[in-house]
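Heads up: the structure comes next, in structure tokens.
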Amino acid sequence: MRRHRDGEINDLLRNTIIWVVVLVWLAWSYIIQTPPEGPYTDGLRNAFLIALAIVIPVISAVVVLAWVGALRDRQRRQQ
């Protein structure tokens, strides 16, 4: 089944909303967490934070680039 072109924007909007919800959930979970009790949990927490410091900007950049590409494509089709 072939999708309409406007469906791509709807899919992108849905994926963007999901990504924002994930970011809010991660931030809320980080705020309400209990402090680490030892060196293992402290190291695990730091490793998780390092992974998030890499993953969050990369995925956010992909989402922004997808929006830029979709909006440029939509603008070209309207002209």
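Side-chain atoms are counted along with the backbone in the values below, which use heavy atoms only and exclude waters and symmetry mates. Numbers for residues simply follow the sequence, beginning at 1. Just so you know, these numbers come straight off a predicted model, no measurement behind them.
No continuous path of hydrophobic side-chain contacts links Val62 to Val64 [ILVMFWY only; heavy atoms under 4.5 Å]. One hydrophobic cluster holds both Val55 and Trp25 under the rule that ILVMFWY side chains link at heavy-atom gaps under 4.5 Å. The cluster map of Ile, Leu, Val, Met, Phe, Trp and Tyr, joined by side-chain heavy atoms under 4.5 Å apart, puts Ile17 and Ile9 in the same cluster. Hydrophobic clustering (ILVMFWY, side-chain heavy atoms < 4.5 Å, transitive): Phe48 and Tyr30 are in distinct clusters. Under the 4.5 Å side-chain contact rule for hydrophobic residues, Leu13 and Val63 share a cluster.
Rounded to the nearest 0.5 Å, atoms CG (Leu23) and CD1 (Ile18) are 12.0 Å apart. We find the CG-CG distance between Leu44 and Leu49 to be 10.0 Å, quoted to the nearest 0.5 Å. The distance from atom OG1 of Thr41 to atom CG of Asn46, rounded to the nearest 0.5 Å, is 9.5 Å.
Contact record, Trp67 with Thr16: NE1-OG1, 2.7 Å, taken as the closest heavy-atom pair. For the pair Trp19 and Ile56, the tightest heavy-atom approach, listed with the atom from each and the gap, is CZ2-O, 3.9 Å.
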### Query
For Glu8 and Leu12, what are the C-alpha separation, side-chain angles and deciding distance, and is it a side-chain contact (heavy atoms from CB on, under 4.5 Å)?
CA-CA 6 Å; Glu8 293 174 1; Leu12 186 56; over 6 Å; no

### Task
Check step by step if side-chain contact (heavy atoms from CB on, under 4.5 Å) holds for Gln75 and Leu71.
CA-CA 6 Å; Gln75 185 180 19; Leu71 293 176; over 6 Å; no

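Heavy atoms from other residues, nucleotides or ligands lying under 6.0 Å from CD of Gln33 number more than 12.
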